[in-house]
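Notes to accompany the following structure.
For ligands, and for the atoms within them, numbers begin at 1 and follow the listed sequence.
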Amino acid sequence: MTDRPADRPNPSPTTDHLDRELFHDYLVRTRWFGGKGRPFEVTAITAVGEVPGRVETSPHVVVYLVEVTYGDAVAGAAPDTELYQVPLSFYAHPEGRLDHAFIGWWEDPAYGWVHAYDALHDREAMACWLRSFARAAEGPGDPASPLVFHRLPGHDLDVEAHSTLFSGEQSNSSVAFGEDSLMKVFRKVTPGLNPDIRIHEVLTNAGSEHVAPLYGWLDTAAPGDDEGATMQLAMLQKFLRTATDGWDLALASVRTLLAEPEQHATDSGGDFAGESTRLGEALAEVHRTLAEHFGTQTRGPEATAALARAMTSRLDDALAVVPQLAEHADALRASFAQVAALPEITVQTIHGDLHLGQTLRTSVGWKIVDFEGEPAKPLAERLEPDSRWRDVAGMLRSFDYAPHAVLHGLNAGEEEEQLRLRAVEWANRNRNFFVVAYAEELTPDERTLLQAYVADKAVYECVYESRNRPAWLEIPLAAIARIGAS
Ligand SMILES: Nc1ncnc2c1ncn2[C@@H]1O[C@H](COP(=O)(O)OP(=O)(O)O)[C@@H](O)[C@H]1O
Ligand SMILES: O=P(O)(O)O[C@H]1O[C@H](CO)[C@@H](O[C@H]2O[C@H](CO)[C@@H](O)[C@H](O)[C@H]2O)[C@H](O)[C@H]1O
């Protein structure tokens, strides 16, 4: 390893030596880059700092922020820019085991000739990162380091645990350290507090049984114009060893029911009603705890009018992307107009992007994950308090998705009508058990609000599916048709 001479900066304060095309070519190869299909350039690379937990056999691990500027701005509008976190492992020689994460090689002013790899794929680099979290429990780190590791008390990390990078479709990168802890490294980063960390910290300190306890997080000072702001780069929490994804469990329940189409959901071996009940109770507890800590606000008719306008605006934007929505537009606008007529709305801190894929069933009950909020919304909007009924609506949409996603994959043939009836029965049964467990009674205004949020989410899903899974577009579209018919 080319040891960095003691008098060299850590890392080089300039990045002029870095070939931006190498980073461009790497970003387009990753799962987590949000700009796929859009023209962009790498317009700046900032070296944040070296991860301190290095030992003799370790590579140097340096956190870089890569600014991308998109080339698809409409005439006269400022181009979109985004910031991505790309931590690099530096090796003096090629590391064949990391070829899939290779970015390039160059002469670095601080480290000499290096072969650079995406550090999330490198167990040696992840071991440095974990040691840094472990040391943070003993007190503040090196004041000269721009990377600040924070810890919550109460858990001794297993620093010998090997890292495993999650391979699923993710907007971030998650690394499990054995079965002890899980680190989520935020890939697209924004100056300001990350709601996932802020909410996990509150729920952990409150002893909530419905989240994986937070162990710590990593932040740094935001670069450039956002001087003084914090940029949160990663969070560390308990690894839920016995976790099964709620979406997978729901699909299994539906498949069991559809395998016995002559049976009703109540009699099916895969009946999910008990789990839906427990999910409703879990969400209610999380909402109560968040309201107790962050407070609630009851806002007047100007807020309900603004919400109706936002829903209508989302529909107007969606019509340009999903023209099939046009025939349902009047019914949707009528639902949103009822929101505008509501005298008040109560808002609080919520999840913001809740669905069955954000829930994990463990041997000790349901856990809710990923409190970052709706991916499409800017951070400032995701930090705003919102109605808890938006989260309830997200789950109701998910109970609709599960049976229709299974049907979508079936070649039902002559049994199609019977299977559709069972699918609707499964969705209705689990929606009802979930809502009753969440709130025994809903006022008429709450019902109006909930129905509008369900419609609003289905409109969002139409856009999401048309861009990501066009074959699934029929699922939210059919839900909107049912709303319009109700
Ligand atoms: N504490 C945990 N233990 C085990 N698995 C987890 C934990 N938290 C999240 N997961 C799983 O890790 C994956 C990514 O989690 P998530 O927070 O949704 O990341 P992202 O925001 O990048 O999608 C999901 O499959 C989720 O089920
Ligand atoms: O990536 P996120 O989890 O933040 O959420 C986005 O992707 C979701 C799909 O992974 C999408 O959820 C939609 O599909 C789910 C089934 O795959 C279904 O359970 C949800 O009800 C439905 O909304 C989510 O909308 C999108 O923001």
Side-chain angles (χ1 to χ4, degrees), residues 30-34 85 120 155 164-189 194-197 199-200 203-204 210-215 234-251 254 279 351-364 366-377 382 390-406 408-409 427 430-431 434 453-454 456-469 471-473 475-476 479:
T30 67
R31 291 172 186 267
W32 41 265
F33 177 55
Q85 180 180 189
L120 274 292
H155 178 75
T164 303
L165 178 63
F166 278 26
S167 57
E169 278 298 325
Q170 264 194 264
S171 45
N172 299 293
S173 294
S174 293
V175 170
F177 292 102
E179 296 189 339
D180 180 56
S181 62
L182 177 79
M183 178 167 72
K184 181 166 156 181
V185 175
F186 301 112
R187 286 293 193 173
K188 189 167 86 172
V189 289
N194 185 304
D196 211 358
I197 296 173
I199 291 173
H200 268 101
L203 293 172
T204 300
H210 299 297
V211 291
L214 182 69
Y215 289 165
M235 63 185 256
L236 187 72
Q237 63 187 147
K238 178 184 175 69
F239 179 74
L240 296 171
R241 193 169 45 80
T242 63
T244 304
D245 183 288
W247 173 248
D248 294 339
L249 281 178
L251 294 181
V254 173
L279 274 167
H351 182 282
D353 184 32
L354 193 56
H355 53 84
L356 282 164
Q358 309 278 43
T359 68
L360 288 173
R361 180 65 161 96
T362 73
S363 54
V364 289
W366 283 99
K367 311 288 182 180
I368 298 174
V369 302
D370 190 3
F371 287 82
E372 284 190 274
E374 193 176 294
K377 286 184 177 175
R382 290 185 279 130
R390 186 188 294 279
D391 281 350
V392 177
M395 288 302 290
L396 296 187
R397 288 293 313 120
S398 223
F399 286 121
D400 174 63
Y401 252 79
H404 292 97
V406 172
H408 179 80
N430 287 290
R431 278 198 296 260
F434 173 81
Y453 274 122
V454 168
D456 178 62
K457 178 70 176 185
V459 168
Y460 166 89
E461 288 161 349
C462 285
V463 175
Y464 178 86
E465 299 303 355
S466 71
R467 287 178 172 157
N468 294 279
R469 299 179 296 196
W472 281 31
L473 174 56
I475 297 177

| query | Is it the side chain, the backbone, both or neither of Lys457 that has a heavy atom closer than 4.0 Å to ligand 2? | reply | side chain

| remark: dist Glu372:CD -> Arg382:CZ (nearest 0.5 Å) comes out at 6.0 Å

| field | Option set Tyr401, Trp247, Tyr464, criterion heavy-atom distance to atom 10 (O) of ligand 2, minimum | value | Tyr464

| said: Under the rule for side-chain hydrogen bond (donor to acceptor under 3.5 Å, both in side chains), what residues qualify as partners of Arg467, not counting sequence neighbours? | reply: none

| said: If we only consider heavy atoms of Arg469, is any one of them less than 4.0 Å away from an atom in ligand 2? | reply: yes

| said: Applying the side chain to side chain donor-acceptor pair (under 3.5 Å) criterion to Asp370, which one of His351, His200, His355, Lys184 satisfies it? | reply: Lys184

| Contact (N/O only, under 3.5 Å) between Asp370 and ligand 2 | no

| Proximity to ligand 1 by part of Val369, non-hydrogen separation under 4.0 Å | side chain

| Any protein heavy atom under 4.0 Å from atom 1 (O) of ligand 2? | no

| said: As an exercise, identify every atom of ligand 2 less than 4.0 angstrom from a heavy atom of Glu461. | reply: 21 (O), 22 (C), 23 (O)

| Are any of the N or O atoms of Ser173 closer than 3.5 Å to those of ligand 1? | no

| Looking only at non-hydrogen atoms, which of His200, Lys184, Lys367 approaches atom 16 (P) of ligand 1 most closely? | Lys184

| field | Close approach of Glu374 to ligand 2, heavy atoms, under 4.0 angstrom | value | no

| Is it the side chain, the backbone, both or neither of Ser171 that has a heavy atom closer than 4.0 Å to ligand 1? | both

| field | Proximity of Trp32 to ligand 1 by residue part, where a heavy atom lies under 4.0 Å | value | neither

| field | Candidate with minimal heavy-atom separation from atom 1 (N) of ligand 1, of Lys238, Arg187, Lys188, Arg241 | value | Lys238

| request: May I ask you to identify, for Leu360, whether its side chain, its backbone, both or neither come under 4.0 Å of ligand 1 on a heavy-atom basis? | output: side chain

| query | What do we get for Asn172 next to ligand 1 when only non-hydrogen atoms under 4.0 Å count, side chain, backbone, both or neither? | reply | both

